Novice: 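Pasting a structure here, questions to come.
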Amino acid sequence: MSTAGAFLRSLQNELGGSIPFHRFMQAALYHPAFGYYSTRIHTVGRRGDFSTMATLDRSLALGIAAWIEKKSARDVIEVGAGSGQLAHAILTSLGWWKRLRLRYHIVEVSPPLRKAQKKLLSGLRVTWHESLPAALDALSGRAHIFSNELVDAFPCRVFERTAGDWLELHVRIENGRCHEILQSCTVPDSTVFQHPFNAGQRVEVHESYHRWLQDWSPQWKSGAMLTIDYGDTMPTLYHRRPAGSLRGYAAHQVLNGEDIYQAPGRCDLTADVNFSDIETWGEQQGWRCVSHSSLANFLAPKLPTRFQTAAEAFRVLEQSHGTLFPDRKKSASQPLLGCLIPKV
Ligand SMILES: C[S@@+](CC[C@H](N)C(=O)[O-])C[C@H]1O[C@@H](n2cnc3c(N)ncnc32)[C@H](O)[C@@H]1O
């Protein structure tokens with residue numbers, strides 16, 4: 001039996017006969033011995049299993065570089081830097097003087113990707129940190145933070161609406177194959193449960209991301225945070241998607257249904273991000289929503305036409321926290337965009 005199979009079987013026994021989906025996804029992506037991000041992934045893009053906006057086109061890097069310049073940022077933390085291509089394009093687009101002033105930090109959990117980043121970014125001034133709390137500690141809590149396609153890589157819980165209630169998706173291993181079963185549950189804090197869905201609707205909640213935010217939030221004293229990912233706000237996120245958005249990627253092929261369970265650790269697993277949750281969870285931490293738009297809007301007019309449709313499927317949320325940095329005071333008289341997206 002494979003290491004993954006032996007681990008999941010023993011987890012199933014320990015948990016009483018089935019594995020909640022998020023525990024399966026946590027192991028499949030991050031188990032130190034077989035997790036996809038811990039062992040298998042070596043790059044992102046054409047030579048990997050999936051591409052991201054960052055690896056497809058330079059316009060994203062230019063948009064983030066413009067955001068960094070607008071903030072006159074000294075310390076910027078990128079969380080989940082993938083192959084390092086985005087960091088490289090941002091830093092090289094900034095120009096020598098601006099680069100000299102900027103301190104670029106990366107927090108990356110994947111050992112193979114950290115190695116790839118260090119190779120690509122050698123010669124540029126970048127500091128790696130073990131975790132976001134460690135990075136914030138080193139910067140006395142004052143930093144601007146951004147991520148691209150990070151939230152979707154966090155394990156999610158999956159729920160299905162039935163006539164009476166919400167049930168939670170579990171995985172059960174039988175005769176060497178994984179099958180889906182539904183179990184009763186207590187639903188977590190999410191805007192998704194405020195919507196009256198029809199029976200059969202599946203939804204995902206990135207509860208592990210919520211917990212992660214709560215962990216480091218007390219250490220973040222001031223700055224702005226840009227969260228970029230595919231997804232939408234409620235209720236648009238699940239419009240005409242009764243099966244939800246959970247899927248896998250291997251060799252640039254999309255995996256759906258029970259195919260996503262058959263090779264744990266050998267494919268990426270992901271789900272669209274509910275930006276109503278991301279905004280609400282930030283507000284609970286006392287963060288302010290500065291702006292919220294599609295990526296197409298954020299990058300206009302620099303976005304090449306061929307990426308227009310793809311960028312419409314991505315959202316960019318800027319939140320801020322604490323007293324404004326000195327540079328932000330200069331622009332305090334300019335009106336902030338505010339959150340244009342109606343709350344559910
Ligand atoms: C889908 S990839 C996106 C990579 C890159 N941002 C891009 O756009 O190409 C997700 C990235 O987040 C990293 N990651 C996942 N969870 C993380 C965490 N808790 N802290 C830091 N990095 C994390 C992964 O290792 C990977 O680098």
Side-chain angles (χ1 to χ4, degrees), residues 22 25-32 35-64 76-91 104-121 126-136 145-156 206-217 219 225-231 247-250 252 254 265 267-273 295 298-299 307 310-311 313-316:
H22 69 287
M25 185 167 171
Q26 172 71 38
L29 296 186
Y30 300 107
H31 190 283
Y36 178 77
Y37 281 103
S38 309
T39 62
R40 189 172 175 91
I41 192 169
H42 287 281
T43 193
V44 176
R46 251 183 310 147
R47 287 183 299 115
D49 284 303
F50 59 89
S51 295
T52 60
M53 274 304 278
T55 60
L56 287 174
D57 188 61
R58 211 175 143 77
S59 55
L60 179 60
L62 298 182
I64 297 173
V76 169
I77 307 173
E78 181 181 1
V79 189
S83 62
Q85 260 175 275
L86 184 59
H88 190 271
I90 290 172
L91 284 167
Y104 200 98
H105 307 262
I106 290 181
V107 174
E108 174 55 66
V109 288
S110 162
L113 289 178
R114 211 179 308 136
K115 192 171 161 200
Q117 293 159 13
K118 288 190 175 169
K119 191 169 169 210
L120 182 66
L121 300 171
V126 177
T127 310
W128 279 263
H129 301 265
E130 276 309 306
S131 64
L132 192 47
L136 289 170
I145 304 167
F146 80 89
S147 66
N148 181 57
E149 301 187 43
L150 168 76
V151 188
D152 71 82
F154 271 70
C156 58
H206 286 97
E207 191 193 33
S208 63
Y209 182 78
H210 189 188
R211 293 233 178 91
W212 179 76
L213 280 188
Q214 290 169 321
D215 273 357
W216 59 262
S217 170
Q219 268 141 292
M225 179 163 83
L226 209 55
T227 307
I228 306 170
D229 219 317
Y230 39 81
R247 60 200 179 274
Y249 286 97
H252 291 269
V254 184
C267 65
D268 185 29
L269 297 174
T270 186
D272 278 22
V273 174
L295 181 60
F298 179 78
L299 296 180
F307 290 114
F314 281 73
R315 300 212 66 83
V316 182

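Worth saying up front: this structure is predicted, and the values here are computed from it rather than measured. Atoms within a ligand are numbered from 1 in the order they appear, just like the ligands themselves.
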Novice: Tell me yes or no: between the side chains of E78 and Y104, is some donor less than 3.5 Å from an acceptor?
Specialist: yes

Novice: What protein heavy atom lies closest to atom 5 (C) of ligand 1? Include the residue and the distance to one decimal.
Specialist: G80 O, 3.5 Å

Novice: Starting from atom 7 (C) of ligand 1, what is the nearest protein heavy atom, named by residue and atom, and what distance separates them?
Specialist: T52 OG1, 3.3 Å

Novice: Would you say ligand 1 has an N or O under 3.5 Å from any N or O of E108?
Specialist: yes

Novice: Could you tell me which atoms of ligand 1, counted from 1 in the order shown, lie closer than 4.0 angstrom to a heavy atom of L150?
Specialist: 12 (O), 14 (N), 15 (C), 16 (N), 17 (C), 22 (N), 23 (C)

Novice: For L132 and W212, what are the C-alpha separation, side-chain angles and deciding distance, and is it a side chain to side chain contact (heavy atoms under 4.5 Å, CB included)?
Specialist: CA-CA 9 Å; L132 192 47; W212 179 76; 3.8 Å; yes

Novice: Compare all side-chain heavy atoms of V151 with those of T227 and state whether any distance is below 4.5 angstrom.
Specialist: yes

Novice: Tell me whether T55 has any N or O atom under 3.5 angstrom from an N or O of ligand 1.
Specialist: no

Novice: Determine whether D49 and I41 satisfy the following criterion, side chain to side chain contact (heavy atoms under 4.5 Å, CB included), listing intermediate values before the conclusion.
Specialist: CA-CA 8 Å; D49 284 303; I41 192 169; 5.8 Å; no

Novice: Is the closest heavy-atom distance from V79 to ligand 1 below 4.0 Å?
Specialist: yes

Novice: Apply side chain to side chain contact (heavy atoms under 4.5 Å, CB included) to residues F298 and L226 and explain how you reach the verdict.
Specialist: CA-CA 11 Å; F298 179 78; L226 209 55; 3.8 Å; yes

Novice: Is the closest side-chain donor-acceptor distance between Y230 and T270 under 3.5 Å?
Specialist: yes

Novice: Heavy-atom contacts under 4.0 Å between N148 and ligand 1: side chain, backbone, both, or neither?
Specialist: both

Novice: Compare V109, I41, V107 and give the one whose heavy atom is closest to atom 14 (N) of ligand 1.
Specialist: V109

Novice: Classify the angle between the aromatic ring planes of Y30 and Y37 as parallel (below 30°), tilted (30 to 60°) or perpendicular (above 60°).
Specialist: parallel

Novice: Using side-chain heavy atoms (C-beta onward) and a distance below 4.5 Å, is L86 in contact with T55?
Specialist: no

Novice: Among all protein heavy atoms, pick out the one at the shortest distance from atom 19 (N) of ligand 1; state its residue, atom name and that distance to 0.1 Å.
Specialist: F154 CZ, 3.5 Å

Novice: Check D272 with R247, please: is the shortest side-chain N to carboxylate O separation under 4.0 Å?
Specialist: yes

Novice: N/O of G82 under 3.5 Å from N/O of ligand 1, yes or no?
Specialist: yes

Novice: In terms of residue, atom name and distance, what is the protein heavy atom nearest to atom 1 (C) of ligand 1?
Specialist: E149 O, 3.2 Å

Novice: Can you list the atoms of ligand 1 that are under 4.0 Å from a heavy atom of L113?
Specialist: 25 (O), 26 (C), 27 (O)

Novice: For Q117 and L120, run side chain to side chain contact (heavy atoms under 4.5 Å, CB included): C-alpha distance rounded to whole Å, both residues' side-chain angles, the deciding distance at 0.1 Å, then the answer.
Specialist: CA-CA 5 Å; Q117 293 159 13; L120 182 66; 6.0 Å; no

Novice: Which ligand 1 atoms does F50 reach within 4.0 Å, using its non-hydrogen atoms?
Specialist: 1 (C)

Novice: For atom 16 (N) of ligand 1, which protein heavy atom lies nearest, and how many Å away is it?
Specialist: Y30 OH, 3.5 Å

Novice: Near A54, which atoms of ligand 1 are under 4.0 Å from a heavy atom of that residue?
Specialist: 7 (C), 8 (O), 9 (O)

